[in-house]
Amino acid sequence: MGMFQRDQQIFADAAPLDDSYEPEDIRERDDELEKYQRALQPVIDNRPTSNIFLYGKTGTGKTVATKFMLSHLEADAATYDDVDLSTVWVSCENLSSSYQVAVALVNEIRESQNKEKISTTGYSQQRVFDILYDELDALGGTVILVLDEIDNIGHSDDILYGLPRARSNGYVDEVRPVIIGISNDFKFRENLSPKVKDTLAEKEILFPPYDANQLRSILKPRAEKSFHDGVLADEVVPLCSAFAAQDTGSARQAIRLLREAGELAQANDCESVSEDEVRDAQEELEKNQLYEGMQELTTQGHAVLCALAYHQSLEEVPIRSSDLYERYTKICERLDADSVSERRVRDHLSDMNMLGLISVYEHNEGLSAGRYHEYELDVPLTAVLDVLLSTNRFKDLADIIESTADDNNLLQSDLSDY
DNA sequence: CGTCCACGGGAATACGCGGCGT
DNA sequence: ACGCCGCGTATTCCCGTGGACG
């Protein structure tokens, strides 16, 4: 027997548990789909179509619903000779400005035509918009531009101003652009600049978080397809649903939980998946998220984290930012690295707070001490040290902190509940 | 009601990059 | 080939502010 053997006790076909899986029917979103269909109907009727914006947290079915609607729309449009429809899909996940979105749109169109892509930097914004208008005009007909995770562009929303008015401004005349914006942020519309808000005619569809019952109904068919019969204990799907509903109401989270539970069972050579695996999976996923959050910090972020870990190991927490800053500068000196301003460190701390890595306690003691914050780690010290040890720069320091913490017997207690 | 102090928003600046015009 | 320009990212600089205290 080789080292790797195929183990098919648990999974029959794990594809339905993959992020990229597209189910043939969308469950628990009847109202939203009906609205969606009505909003897209004008495309088939060759009437002007308004822009459509979908709002809802991650994992509430926005993207899947859009893929579903568009594939039907494309298929149906093809049966009418006089309907000329193309769609362009851009994920704005890593795009933080209108400029980058415009470049991405151009390149997406060019890629589908095997034309050469343009550079992501160097042009003026207007220039990129002009190129985009040319490409759109060349496509002609109705072009649906899907901007997934559009809230990433923040306040840089020029593209939402330019595209809808391209036709009336005479930049294009062969094409009717329709924007489908998908936003994780309910407040995205409020934060748009006034001129965009006024001109962006749009239909809004809200995707609320799923409750536990809905998640169960979404999970069930996927579970049946991906696991062998009788492998899943009855309580597994309801428990995954309950965990995810409690936390975020995200179908993606529920599905990941189910897959992770299955993978754990498989790794442990279990014949079935039970409640225990789901609980372990939940812990495992949470832990991974924190690790990833820490690993993706910049060197400066790591230095700040390191300073906090240092004080944590001495049990000098929670600690005021001014004291933490002193430690931080010493650490930078020692590493022969540049240090940044106190203001900037506050930004890093606030980022880390967002990621759930640290806790912040606000104080206001008026005349005696004014306003200040105190910080402490919200993740086990061992986890922080693991990450720091794995980076070349902080390896030595992390070693020292580890031994300090060891002297204070801080690590044992951490390990037991970690 | 004035005072205190870090917080945090926002403008200004530094720097690097790649395309463009000459 | 060269310097310039507009862009993104990270940072610094400036300053108004919350709100308990006295």
Side-chain angles (χ1 to χ4, degrees), chain A residues 90-107 110 115-135 147 149-162 185 187-188 190-194 293-308 311 316-329 331-333 335-355 357-376 391 393:
Chain A
V90 163
S91 166
C92 307
E93 194 180 359
N94 300 309
L95 313 175
S96 58
S97 69
S98 280
Y99 181 93
Q100 293 179 336
V101 171
V103 172
L105 283 170
V106 169
N107 283 339
R110 292 205 168 183
K115 284 204 280 183
E116 201 166 332
K117 296 191 184 181
I118 62 171
S119 160
T120 54
T121 55
Y123 304 100
S124 71
Q125 173 160 298
Q126 195 49 54
R127 179 133 196 166
V128 177
F129 281 15
D130 288 342
I131 299 174
L132 176 58
Y133 294 146
D134 285 348
E135 294 292 343
L147 305 177
E149 305 194 37
I150 182 68
D151 46 312
N152 257 336
I153 67 167
H155 295 276
S156 159
D157 50 16
D158 299 353
I159 190 146
L160 297 180
Y161 182 73
D185 182 0
K187 282 183 278 183
F188 178 63
E190 291 173 32
N191 294 335
L192 290 174
S193 59
M294 280 193 277
Q295 251 149 6
E296 281 164 14
L297 293 174
T298 61
T299 305
Q300 289 300 332
H302 281 143
V304 175
L305 191 62
C306 183
L308 189 52
H311 285 284
E316 294 169 354
V317 284
I319 182 172
R320 287 184 60 146
S321 57
S322 53
D323 298 333
L324 187 67
Y325 184 68
E326 270 184 46
R327 180 96 271 136
Y328 156 82
T329 47
I331 286 176
C332 287
E333 243 173 73
L335 291 174
D336 208 18
D338 294 334
S339 58
V340 298
S341 66
E342 210 162 340
R343 174 71 189 84
R344 184 68 189 127
V345 167
R346 281 204 290 275
D347 279 341
H348 283 299
L349 285 167
S350 139
D351 287 349
M352 281 156 53
N353 185 37
M354 290 290 185
L355 290 172
L357 299 176
I358 64 176
S359 300
V360 185
Y361 308 100
E362 292 178 35
H363 296 268
N364 194 331
E365 290 173 28
L367 273 183
S368 46
R371 189 152 92 103
Y372 63 94
H373 285 182
E374 286 189 322
Y375 303 89
E376 76 176 321
T391 67
R393 245 182 154 156

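Lettering of chains follows the sequences in order, A, B, ..., and the numbering in each one begins at 1.
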Pairing residues for [X] by the side chain to side chain donor-acceptor pair (under 3.5 Å) criterion, not counting sequence neighbours:
X	value
A/Tyr325	none
A/His311	A/Glu316
A/Asp158	A/Gln125
A/Arg110	A/Glu135

Quick test: give all pairs of protein nitrogen or oxygen and nucleotides 19-22 of chain C nitrogen or oxygen below 3.5 Å, distance rounded to 0.1 Å.
| residue | atom | partner | partner atom | Å |
| --- | --- | --- | --- | --- |
| C/dG19 | O4' | A/Asn364 | ND2 | 2.9 |

Task: Closest heavy-atom pair and its distance - A/Ser98, A/Ile159 - done: OG-N, 3.0 Å
Task: Between A/Glu342 and A/Tyr328, a side-chain donor and acceptor under 3.5 Å - done: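 No.
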- [ ] Using ring-ring contact (aromatic ring centres under 6.0 Å, His included) as the criterion, list what pairs up with A/Tyr375, not counting sequence neighbours.
- [x] none
Task: Set of residues satisfying ring-ring contact (aromatic ring centres under 6.0 Å, His included) with respect to A/Tyr361, sequence neighbours excluded - done: none
Task: Boundaries of the chain A footprint along DNA chain B (any atom under 4.0 Å from a heavy atom) - done: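 Span of nucleotides near chain A: B/dG2 to B/dG21.
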TODO: Do nucleotides 1-12 of chain C as a string where each nucleotide becomes B, S or -: B if the base has a protein heavy atom under 4.0 Å, S if just the sugar-phosphate does, - if no protein is that close.
DONE: -----SSSS-SB
TODO: Find out whether A/Leu357 and A/Leu297 are in side-chain contact, i.e. whether some heavy atom of one side chain is under 4.5 Å from a heavy atom of the other.
DONE: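 Yes, side chains in contact.
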Task: Electrostatic pair A/Arg343-A/Asp347, nearest N-O below 4.0 angstrom - done: yes
TODO: Can you pull out how bent the helix from B/dC1-C/dG22 to B/dT22-C/dA1 is, comparing the axes over its first five and last five pairs, to 10°?
DONE: 30°
Open item on the list: According to salt bridge (charged side-chain N to carboxylate O under 4.0 Å, His left out), who are the partners of A/Arg127, at least two apart in sequence or on a separate chain?
Closed with: none
Task: Listed partners of A/Arg393 passing salt bridge (charged side-chain N to carboxylate O under 4.0 Å, His left out), at least two apart - done: none
